[in-house]
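So you know, we letter chains A, B, ... as the sequences are listed, proteins then strands, and number each from 1.
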Amino acid sequence: MSGRYELRFSGAGGQGLILAGVIMAEAASIYDGKQAVQSQSYGPEARGGASKSEVIISDSSIDYPKATVVDALLALTQEACDKYSHDLKQGGVLLIDSDLVKRQPEGNFNVVAFPIINTAKNEVGREIVANIVALGAMVALTGVVSREGAEKAVLARVPEAFLELNKKAFNMGFEKAIAARK
Amino acid sequence: MAKKVAFMQGNEAAAHGALYAGCKFFGGYPITPSTEVAEVMSAELPKLGGKFIQMEDEIGAMAAIIGASLTGAKVLTSTSGPGLSLKQENIGYACITEVPCVIINVMRGGPSTGMPTGPSQSDVMCAKWGTHGDHPAITLVPASVQELFEETVRAFNLAEKYRTPVMVMPDEIVAHMRERIVFPEPGELEVIDRTKPTVAPEQYKPYDTQFGDVPPLAAFGSEYRFHVTGLNKMADGFPTTKAAVVQAEEERQVRKVEANVDDIVKFEEYMMDDAEVVVVAFGSTSRSARFAVNEARKQGIKAGLFRLITFWPFPEKQLLAISKKVKAFITPEMNLGMCTGVVKGCVEGNAPVHGIFRVDGEPINPTQILDMIKEVK
């Protein structure tokens, strides 16, 4: 299973986690010249319910498109953290929203916690960009794609009027994650 | 000039494949996990002078594409699970009236509403036997975003070439995953159009076998006039109960596919030269299988992968030949043994066939397959 780097973005349906995964994969595939596959799993509900988006990044071609041993996990809700942390590898990155995930899974993980949704709402200015804050944080913590590539991938996905908002969200997530890791 | 490259979802790639093949009409009814096909077609077809119609349900959608195809257009519908069940009566109608059309069915859990967002491979029997009666069946099961594009183009080609419905059946994982795709240039992939009549309109018969097993098809609305019915019919399209005609026509319809299996059957052999344990897999499960075969080889086990790209007609003679020189087959699939049963039928007891079945909405992972390889080697 070498050469694969596996990320999982999880939370509740409607939080934009599938999009966060897509942007991470686009950063790797389009801007960093790596191989990437993004897949998703969600419930039948339009909103709510545990949702996840997985991204596999590799230097060589990717056969199995789903996660095997997760290198980095984002959990924006307690339910997602409980449901999707079982295959996070020992020493893997676990990024959680410190307001919403109070119970951490047992194991030796690199846990980084900060109020992701609250940051989007009160510091960036719109709760809807919480997924981009989280994406910035995942880019910072994993280093699996370049910061420049990821920022380009974010901006390529966003309507003109919201470029600054998303840029701010991405960079705030990046910086907050570095600070929270220390 | 550099080729156009994109990071794209399977369903989107399927829609672009249809457009590449010259599809000009889409009739559909949205259903998870196939809706993105309809979404792309609704956005793109009007720009190309095509028509997109959202029908009242899947039955109507299937009827709409049959009607549109009879006017000469290449046509597509897309659906999933319960939608495929609803389409079946009209799929039979397209079989007996010999109307080219392509159906993309994204496989989700079932029966009934089942697990709308979960992956499955449990529609492969429905693809062949969902509609009643003897009839030809062509079903393609791509395993990547790139292949979903290319196999959709091939589906149109086969539909046009053999005047019959063709199904493209990605599982939900292949349909919803995103990966890199390199778009073929126009002209790079073969695009086949149906054979048009060369006889004068007054001499035209829609099922005239003097032109072979696949008679030319005229367009409704042109100077050619002909009759279309779901009843067993004669060369001129009108109903008949004459035993000899009915028997011959039924056999001809099935023969269109059976006599051309080598043209239709497509598969990939990976690490098969010296393989002793052969995994037969398709769709996303074949990606897990390839991963497992690579791991097995690292451990010195002679494992290989036989990947189905065409599911119907099934590669019967290839698997029979392989069965005479291997120790065992493994058939992982996201259903309770549909492909496994077919493989057993092909290999005539020459080697045991070990199924791995999952219907819990989770993919079959490489470890499950690797464990089985180790067990039966």
Heavy-atom neighbours of A:L19 CG exceed 12 at 6.0 Å: yes
Parallel, tilted or perpendicular: rings of B:H176 and A:Y42 (30°, 60°): tilted
Over 12 non-hydrogen atoms of neighbours within 6.0 angstrom of CZ in A:R126: no
More than 12 heavy atoms from other groups under 6.0 Å of OH on B:Y270: yes
Trace of the side chain to side chain contact (heavy atoms under 4.5 Å, CB included) decision for B:I173 with A:Q40: CA-CA 8 Å; B:I173 295 172; A:Q40 59 208 41; over 6 Å; no
Flag if over 12 foreign heavy atoms under 6.0 Å of CG, B:D273: no
Which atoms of B:S288 approach chain A - backbone, side chain, both or neither, heavy atom under 4.5 Å: both
More than 12 heavy atoms of other groups within 6.0 Å of B:R307 CZ: yes
Part of B:I369 lying under 4.5 Å from any heavy atom of chain A: neither
Sequence-distant partners of B:R290, salt bridge (charged side-chain N to carboxylate O under 4.0 Å, His left out), two or more places apart: A:D63, B:E268
Atom group of A:V22 that falls short of 4.5 Å from chain B, counting heavy atoms: both
Residue A:E160 excluded, over 12 heavy atoms near CD under 6.0 Å: no
B:R287 (side chain) donor-acceptor with A:I62 (main chain) under 3.5 angstrom: yes
Check: B:R178 and A:I18 side chains under 4.5 Å, non-hydrogen atoms: yes
CD on A:Q35 to CZ on B:R180, rounded to 0.5 Å: 6.5 Å
Matching residue for A:K66 among B:P119, B:S284, B:P363 - test: side chain to side chain contact (heavy atoms under 4.5 Å, CB included): B:P363
CD/A:E106: more than 12 non-hydrogen atoms of other groups inside 6.0 Å: no
Minimum heavy-atom distance between A:E26 and B:F7, given as atom pair plus value: CG-CD2, 3.4 Å
A:S39 side chain vs B:M177 backbone, donor-acceptor pair below 3.5 Å: no
